[in-house]
Amino acid sequence: GIDNFNFTVDNQYLPWMQVGAPIIIFNDDHSIQSIETKIENINGNIITTKKNLGIVPSLGCRCELQNFLDGGRAYRYV
């Protein structure tokens, strides 16, 4: 990651990243986890979030809740 608002993603995952999509970032064992926020901007492969993530994402972290390729929203279990 770059800082608490910006992180990079591999180009193969860019199609899933859409401005306005909700995201949470975490590592494999969830010992590092961001707050839920939304994508504010995408510039190349740099993602900027609306809120401070509370963490600086590191190599190996994953994103969840981003939208589907057809523009559909992420599912949530209740």
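Contacts of N27 classified as side chain to side chain donor-acceptor pair (under 3.5 Å), with partners at least two apart in sequence or in another chain: D29, S31. D10 pairs by the side chain to side chain donor-acceptor pair (under 3.5 Å) definition with nothing, not counting sequence neighbours. Under the side chain to side chain donor-acceptor pair (under 3.5 Å) criterion, T48 pairs with N6, sequence neighbours left out.
Legend: salt bridge (charged side-chain N to carboxylate O under 4.0 Å, His left out) pairs involving residues 47-63, not counting sequence neighbours, sorted by first then second residue: R62-E64. Contacts classified as side-chain hydrogen bond (donor to acceptor under 3.5 Å, both in side chains) and involving residues 38-47 (residues at least two apart or in different chains) are not found. Identified under the ring pair (Phe, Tyr, Trp, His ring centres under 6.0 Å) test for residues 35-61, with sequence neighbours left out: none. Within the structure, every pair that satisfies the ring pair (Phe, Tyr, Trp, His ring centres under 6.0 Å) test and touches residues 19-41, not counting sequence neighbours, is listed here: F26-H30.
Using modelled atom types, one side-chain atom of S34 and one backbone atom of I25 make a donor-acceptor pair closer than 3.5 Å.
Summarising the geometry, atom CD1 belonging to I32 is positioned 5.5 Å from atom SG belonging to C61; distances are rounded to the nearest 0.5 Å.
Between W16 and V9 the shortest side-chain heavy-atom distance does not fall below 4.5 Å. Side-chain contact between I47 and Y13: absent, with no pair of heavy atoms (C-beta onward) separated by less than 4.5 Å.
Cluster partners of I2 are I46, counting Ile, Leu, Val, Met, Phe, Trp and Tyr whose side-chain heavy atoms approach within less than 4.5 Å, directly or via other members.
What you find for M17 and I42 is that their closest heavy atoms are O-CD1, 3.3 Å. Nearest heavy-atom pair across F5 and N52 is CE2-N, 3.1 Å. Across all non-hydrogen atoms, the minimal contact from F7 to C63 is CE1-SG, 3.8 Å.
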Give the intermediate values and the outcome of side-chain contact (heavy atoms from CB on, under 4.5 Å) for residues Q18 and I39.
CA-CA 7 Å; Q18 300 167 9; I39 296 173; 5.8 Å; no

